Amino acid sequence: MDASYNPEAVEQEARDYWEAERCFEVGEDAGKDKFYCLTMFPYPSGQLHMGHVRVFTINDVIARYQRMQGKHVLQPMGWDAFGMPAENAAIKRGVPPAKWTYQNIEYMRDQLKRLGYGYDWTRELTTCKPEYYRWEQWLFTRMFEQGLVYRKNSVVNWDPVDQTVLANEQVIDGRGWRSDAPVELREIPQWFMKITAYADELLDFLDRMPGWPDSVKTMQRNWIGRSEGVELMFDVEGEDEALSVFTTRPDTIMGITYMAVAPEHALATKAATADAEVAAFVEKCKQMQTAEAALETMEKKGMPIGISAIHPLSGERIPIWVGNFVLMSYGTGAVMGVPGHDHRDWEFADKHGLPIVQVITPSDGSEIDIGKGAYVEYGRVINSGDIDGMDYRQAFDAIADKSEAEGRGQRKINYRLRDWGVSRQRYWGAPIPIIYCADCDAVPVPEDQLPVILPEDVEFTGYGSPLKEMPEFVDAECPRCGKPAQRETDTFDTFVESSWYFARYASPDCDSAMLDEREGYWMPVDQYTGGIEHAILHLLYARFFQKVMRDFGLSSADEPFTNLLTQGMVLKDGAKMSKAKGNTVDPQQLIEKYGADTVRLFMMFASPPEQALEWSDEGVQGASRFLRRFWNAVQAHVADGDAVPVDKDSLNDEQRDLRRKTHQTIAKVSDDIGRRYTFNTAIAAAMELLNAINRFEVETPEDRGVVREALETVVLVLSPIVPHICHALWHVMGHASAPVDESWPVVDQSALQQDMIEIIVQVNGKLRGRISVASDADKEAISALALADKNVQRFVADKQIRKTIIVPGRLVNVVV
RNA sequence: GCCCGGGUGGCGGAACUGGUAGACGCUACGGACUUAAAAUCCGUUGUCCGCAAGGACGUGCGAGUUCGAGUCUCGCCCCGGGCACCA
């Protein structure tokens with residue numbers, strides 16, 4: 001072994017050992033406590049970026065720590081291999097998406113291996129392979145049979161020049177990103193999965209998921225957006241059919257001054273046939289963008305459609321408007337306008353000169369001015385006849401009861417959550433297993449004809465999907481009646497692949513079923529780590545799929561991920577590092593220059609995992625320097641001479657201090673890695689211990705024994721973070737075993753005991769002195785010592801002491 | 001616009017339950033070693049006043065609660081993530 005630190009050689013040797021010993025290949029062992037430790041799998045974009053290194057290192061640290069705790073750990077890896085970048089590369093470079101994707105996987109797999117992650121590579125998954133996607137095709141056909149999927153018309157962004165459907169990301173300021181042509185909205189039939197059928201369960205289970213961050217649970221709760229309200233029917237002049245609106249605030253019913261319907265609403269459509277101006281407005285609304293952010297920030301426009309609704313209580317006529325801000329997809333596509341008590345209604349009324357009426361007043365009797373803005377809090381009802389004086393709940397029930405009794409409405413629960421549209425008009429995805437027959441309509445592909453294989457040898461131009469031009473793909477036989485029929489050419493949203501891969505890792509080689517009994521051993525995932533940007537969509541879809549798989553008898557787990565760690569973004573120049581923005585830093589050069597351990601150490605030390613990390617090239621050298629110091633300290637210690645094992649009862653003060661520091665470090669690092677996931681402070685604690693070791697003057701074999709215990713502690717506690725160097729140093733210290741097979745060090749409580757402790761003294765909350773007291777000193781003794789301090793004396797002087805607060809073990813505060 | 005985070009020295013960050021603000025590291029500066037440089041080692045490093053002892057100020061801004069607030073409450077400002085076809 002080299003006396004100077006040579007990362008490349010050290011890391012090669014460690015990797016060879018892990019591979020030869022098959023350290024990370026695991027089977028199912030019912031006698032052992034399993035720990036399934038997973039990261040969100042990467043998209044094979046070409047090369048790893050810092051965000052990958054961050055998340056994979058976090059997960060590897062947890063996996064290695066749990067292994068040293070005696071757990072039977074599974075850490076698998078795979079590829080989320082379908083997606084748009086492969087199509088973009090194909091257009092740009094003329095390489096087929098499949099070829100580009102497989103090349104990227106080859107390169108990135110080598111990068112992952114070079115970083116020393118403890119993956120069970122025998123379980124590797126690649127979602128673009130038929131043996132993987134056949135099972136999601138199969139699940140889709142089962143969902144079809146169970147009524148969990150359906151087809152309906154839905155709008156897409158259409159680029160009239162490129163003759164292709166655009167993703168929201170490809171629409172820049174309303175124009176196609178390549179053609180720069182104004183994007184049009186087109187309605188086409190698309191497949192949907194009924195995630196709303198699980199809305200209540202997805203919501204309710206959030207309360208039983210203590211291992212998830214509150215922020216993510218809150219985001220999902222808000223996204224599902226369960227709201228209790230009333231659907232009210234309003235008679236419309238000259239119409240047979242009543243106008244129905246959903247409201248969560250029936251208590252404000254007397255504050256209605258207008259009604260607004262969506263541009264696609266039947267009343268608007270009808271009005272448009274009679275009124276050219278309305279027709280023009282409705283037509284203009286079809287140009288709007290589909291993204292919610294765009295809808296919410298755009299100017300709220302509207303116009304009256306010339307007819308009125310009748311207020312069910314007052315009998316007054318209420319003008320009906322058409323508004324671009326009313327969504328056909330939420331509730332009934334119509335809203336009642338209560339400008340006094342809703343922000344958006346207020347702005348709309350203010351802009352269009354509609355009356356604003358106050359019908360709610362603050363319960364505490366304070367005054368509000370409805371002319372300056374809406375009052376949206378719950379309060380006491382006023383100006384509303386029979387319901388005057390009621391609070392929110394009373395008024396809600398009064399209106400709901402009355403409406404239900406009169407057959408003019410009913411209590412209803414609405415969700416913001418919409419069903420999941422899974423159709424994509426793209427080539428590089430898993431084919432949706434449907435055959436269209438003129439007689440039998442949409443027929444799912446039978447199980448014995450699965451998978452529907454995506455042809456990989458295609459010419460990809462970017463003008464629509466090449467599948468449409470391939471008769472050998474499109475032409476099919478109706479599975480039901482045998483007549484000539486056409487295959488669906490749309491493919492699945494790539495979120496479908498990532499909604500069940502975590503379960504497939506348990507039985508990646510099973511070719512007779514989606515999942516087998518091994519799923520029961522490993523699922524649910526104990527620790528799931530990934531980017532905060534997936535807090536809603538991916539994590540909600542995955543939870544949905546898990547529940548579907550459970551209900552189909554494929555799994556018994558209610559939820560897929562027991563503990564969730566959402567790591568913050570790696571930012572550069574203030575923006576998220578992403579292939580889309582092209583501001584990635586290639587970690588490869590750093591690995592080649594400093595070694596994998598330095599990169600791993602720097603990433604874990606730079607900030608706590610949940611926080612955003614602003615990338616900077618500085619600091620990597622510091623990590624490298626620390627590893628060299630660490631290496632040299634162990635080498636020097638070993639060369640220095642023999643050590644005798646620590647005899648706890650015959651230590652001098654200096655030895656006891658170092659040993660206390662050692663065991664304090666074990667306690668600190670165990671808590672930081674095992675409970676808090678604050679790897680940065682764990683590393684800081686290990687650095688402090690190494691600093692203490694370097695300051696410690698070694699004269700005797702007993703001294704060396706205490707140092708040895710300290711150094712072995714540093715090696716073991718850092719081994720999950722910088723596994724290669726620790727592997728080598730463990731051997732340098734004479735061990736035949738490897739850290740990866742060692743047990744995590746245990747705190748010796750007796751080593752932590754201390755006779756004298758320091759306490760700070762405050763006067764009126766300001767630090768004025770420090771005193772050293774016996775650790776078991778009583779309050780009187782501490783108080784007396786505090787007041788005896790000469791600087792404390794200066795501030796207390798002849799002033800009256802009002803009280804003295806003593807926080808045991810911490811401080812004394814004298815209030816004068 | 002709505003939902004979820006965040007804001008602490010020159011920089012990344014620490015302070016876990018309301019109790020020493022700035023651990024650990026980087027940078028910078030000074031010193032040692034060297035013919036020299038690199039590397040390494042030692043020291044200093046929130047701002048201001050002071051020879052020192054020590055003091056005043058200081059956690060985005062403004063108020064409040066408390067013996068005591070980076071931490072809790074209210075109101076603002078700024079930055080990041082998500083908003084359903086980026087993954």
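Values reported hereafter were calculated over all heavy atoms of this structure, with side chains retained and with hydrogens, waters and symmetry mates removed. Chain identifiers are assigned alphabetically (A, B, ...) following the order of the sequence lines, protein sequences preceding nucleic acid strands; residue numbering begins at 1 within each chain. Keep in mind that what you see is a predicted model, and the values were worked out from it rather than measured.
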A.B. asks: In whole Å, I'd like the distance from the NE2 atom of A:H49 to the P atom of B:C86.
C.D. replies: 16 Å
A.B. asks: Base, sugar-phosphate or nothing for A:A293? Non-hydrogen atoms, less than 4.0 Å.
C.D. replies: base
A.B. asks: What is the glycosidic conformation of B:G64: syn, defined as within 90° of 0, or anti?
C.D. replies: anti
A.B. asks: If I pick the P atom on B:C72 and the same atom on B:G6, what distance separates them, to the nearest angstrom?
C.D. replies: 10 Å
A.B. asks: Considering just the side-chain nitrogens and oxygens of A:R418, establish if one lies under 4.0 Å of OP1 or OP2 belonging to B:A84.
C.D. replies: no
A.B. asks: Need one value for A:F41: base, sugar-phosphate or nothing, where a base atom within 4.0 Å counts as base even if backbone is also close, heavy atoms only.
C.D. replies: nothing
A.B. asks: What nucleic acid atoms does A:N632 come within less than 4.0 Å of, heavy atoms only: base, sugar-phosphate, or nothing?
C.D. replies: nothing
A.B. asks: Should B:G68 form a Watson-Crick or G-U wobble pair with both distances under 3.5 Å, which nucleotide is its partner?
C.D. replies: none
A.B. asks: If the sugar-phosphate is the primed atoms plus P, OP1 and OP2 and the base is the rest, what is the B/S/- string for nucleotides 67-72 of chain B, using protein heavy atoms under 4.0 Å?
C.D. replies: B-----
A.B. asks: Under 4.0 Å between a side-chain N/O of A:R344 and OP1 or OP2 of B:C2, yes or no?
C.D. replies: no
A.B. asks: Please give the distance between the C1' atoms of B:G22 and B:G12 as a whole number of Å.
C.D. replies: 13 Å
A.B. asks: Please confirm whether the shortest side-chain N or O distance from A:K766 to OP1 or OP2 of B:G54 is below 4.0 Å.
C.D. replies: no
A.B. asks: With sugar-phosphate meaning primed atoms plus P, OP1 and OP2, does A:T297 contact a base, only sugar-phosphate, or nothing at under 4.0 Å between heavy atoms?
C.D. replies: base
A.B. asks: Would you say A:N680 places a side-chain N or O within less than 4.0 Å of OP1 or OP2 belonging to B:A14?
C.D. replies: yes
A.B. asks: Just to be sure I understand the rule, does A:S498 reach a base, reach only the sugar-phosphate, or reach nothing, if contact means heavy atoms closer than 4.0 Å?
C.D. replies: nothing
A.B. asks: Given B:C16, B:G19, B:C57, identify the nucleotide with an atom nearest to the side chain of A:D671.
C.D. replies: B:C16
A.B. asks: What interatomic distance, in whole Å, is found between P of B:A14 and the corresponding atom of B:G9?
C.D. replies: 13 Å
A.B. asks: Measuring from atom OG1 of A:T713 to atom NZ of A:K661, what distance do you get when rounded to the nearest 0.5 angstrom?
C.D. replies: 12.5 Å
A.B. asks: Answer yes or no: is there a donor N or O on one side and an acceptor on the other, between the side chain of A:T491 and the main chain of A:A430, under 3.5 Å?
C.D. replies: no
A.B. asks: With P as the reference atom in both, quote the distance from B:C29 to B:A38 in angstrom, rounded to an integer.
C.D. replies: 12 Å
A.B. asks: Taking only side-chain N and O atoms of A:R625, does any of them lie within less than 4.0 angstrom of OP1 or OP2 on B:U27?
C.D. replies: yes
A.B. asks: Any side-chain heavy atom of A:D493 sitting closer than 4.5 Å to one from A:W420?
C.D. replies: yes
A.B. asks: State the pairing partner of B:A56; accept Watson-Crick or G-U wobble contacts with both distances under 3.5 Å, and report none otherwise.
C.D. replies: B:U47
A.B. asks: From the set B:C86, B:G19, B:C24, return the single nucleotide nearest to any side-chain atom of A:M84.
C.D. replies: B:C86
A.B. asks: Using a 6.0 Å cut-off, check whether atom CD of A:E187 has over 12 heavy atoms from anything other than its own residue.
C.D. replies: yes
A.B. asks: Counting the atoms with a prime plus P, OP1 and OP2 as sugar-phosphate, which does A:K668 contact under 4.0 Å by heavy atoms, base, sugar-phosphate, or nothing?
C.D. replies: base
A.B. asks: Would you mind telling me which of A:Y132, A:Y541, A:F545 makes a ring-ring contact (aromatic ring centres under 6.0 Å, His included) with A:W500?
C.D. replies: A:Y132
A.B. asks: Categorize A:E688 for me: base, sugar-phosphate, or nothing, with a 4.0 angstrom heavy-atom threshold over every strand shown.
C.D. replies: sugar-phosphate
A.B. asks: Between A:F679 and A:F605, is the ring centroid distance below 6.0 Å?
C.D. replies: no
A.B. asks: Remember a base hit wins even if backbone is also touched, and classify A:Q567 as base, sugar-phosphate or nothing at under 4.0 Å, heavy atoms.
C.D. replies: nothing
A.B. asks: Looking for any heavy atom pair under 4.0 Å, which part of the strands does A:R794 touch: base, sugar-phosphate only, or nothing?
C.D. replies: sugar-phosphate
A.B. asks: A:Q425 or A:G619: which one's nearest nucleotide on RNA chain B is closer to the 5' end?
C.D. replies: A:G619
A.B. asks: Using the rule given for ring pair (Phe, Tyr, Trp, His ring centres under 6.0 Å), can you reason through A:F502 versus A:Y528, listing the C-alpha separation, both sets of side-chain angles and the distance that settles it, and then say yes or no?
C.D. replies: CA-CA 10 Å; A:F502 44 86; A:Y528 195 42; 7.0 Å; no
A.B. asks: Both distances below 3.5 Å, Watson-Crick or wobble geometry, any strand: find the nucleotide opposite B:C83.
C.D. replies: B:G1
A.B. asks: When the C1' atoms of B:C79 and B:C41 are considered, how many whole Å apart are they?
C.D. replies: 41 Å
A.B. asks: Sort me out a list of protein N/O and nucleotides 3-11 of chain B N/O pairs below 3.5 Å, or just none if empty.
C.D. replies:
residue	atom	partner	partner atom	Å
B:C3	O3'	A:N222	ND2	2.8
B:C3	O2'	A:N222	ND2	2.8

A.B. asks: Expressed in whole Å, how much space separates the C1' atoms belonging to B:U8 and B:G13?
C.D. replies: 9 Å
A.B. asks: Between A:Y133 and A:F82, is the gap from one ring center to the other below 6.0 Å?
C.D. replies: yes
A.B. asks: Whole angstroms only, please: what is the CD-C1' distance between A:Q621 and B:C26?
C.D. replies: 10 Å
A.B. asks: Determine whether the aromatic ring centres of A:Y375 and A:W346 lie less than 6.0 Å apart.
C.D. replies: no
A.B. asks: Counting only side-chain heavy atoms from C-beta out, which of B:G1, B:A15, B:A23 sits nearest to A:E292?
C.D. replies: B:G1
A.B. asks: If the cut-off is 4.0 Å, is A:R676 near the phosphate of B:A14, judged by side-chain N/O to OP1 or OP2?
C.D. replies: no
A.B. asks: So A:V156, base contact, sugar-phosphate only, or nothing? Heavy-atom distance under 4.0 Å.
C.D. replies: base
A.B. asks: Could you tell me which nucleotide pairs with B:G30 by Watson-Crick or G-U wobble geometry, both distances under 3.5 Å, or answer none if nothing does?
C.D. replies: B:C42
A.B. asks: Return the nearest nucleotide to the side chain of A:N791; candidates are B:G25, B:G19, B:G55.
C.D. replies: B:G55
A.B. asks: Using the C1' atom as the reference point in each nucleotide, state the distance between B:C26 and B:A32 in Å, no decimals.
C.D. replies: 22 Å
A.B. asks: With hydrogens left out and only the distance checked, is there a donor-acceptor pair under 3.5 Å joining A:R629's side chain and the base of B:U40?
C.D. replies: no
A.B. asks: From the options A:D162, A:D159, A:T164, select the one residue that forms a side-chain hydrogen bond (donor to acceptor under 3.5 Å, both in side chains) with A:S179.
C.D. replies: A:D159
A.B. asks: Looking only at the side chain of A:P608 (C-beta and beyond, no hydrogens), which of the listed nucleotides B:G25, B:A84, B:A14 gets closest?
C.D. replies: B:A14
A.B. asks: Less than 6.0 angstrom from the centroid, inside 45 degrees of the normal: does A:R768 satisfy that with respect to the ring of A:F795?
C.D. replies: yes
A.B. asks: Quick one: label A:F626 by what it contacts on the DNA or RNA (base, sugar-phosphate, nothing), any heavy atom closer than 4.0 Å.
C.D. replies: nothing
A.B. asks: Take A:R810 and A:E758 through the salt bridge (Lys or Arg N to Asp or Glu O under 4.0 Å) test and state the conclusion after the steps.
C.D. replies: CA-CA 8 Å; A:R810 281 192 176 273; A:E758 190 190 74; over 6 Å; no
A.B. asks: Let's see if you can work this out: which of B:C24, B:A87, B:C86 has an atom nearest to the side-chain heavy atoms of A:H534?
C.D. replies: B:A87
A.B. asks: With nearest nucleotides of RNA chain B determined for A:R768 and A:L166 from heavy-atom distances, which residue corresponds to the more 5′ nucleotide?
C.D. replies: A:R768
A.B. asks: For the C1' atoms, the ones on B:C83 and on B:G75, what distance do you get once it is rounded to whole angstrom?
C.D. replies: 27 Å
A.B. asks: Of all the nucleotides listed (B:C85, B:A39, B:G25), which has the minimum atom distance to the side chain of A:N157?
C.D. replies: B:C85
A.B. asks: For a quick check of understanding: with a heavy-atom distance under 4.0 Å over all strands, which category does A:L417 fall into, base, sugar-phosphate or nothing?
C.D. replies: base
A.B. asks: Can you confirm if the aromatic rings of A:F348 and A:F325 lie within a centre distance of less than 6.0 Å?
C.D. replies: yes
A.B. asks: If the plane angle is over 60° it's perpendicular, under 30° parallel, otherwise tilted; pick one for A:H534 and A:F495.
C.D. replies: perpendicular
A.B. asks: Using both distances under 3.5 Å as the test, list the Watson-Crick or G-U wobble partner of B:G62, or none.
C.D. replies: B:C74
A.B. asks: A:L327 CG to B:C83 P: how many Å, rounded?
C.D. replies: 17 Å
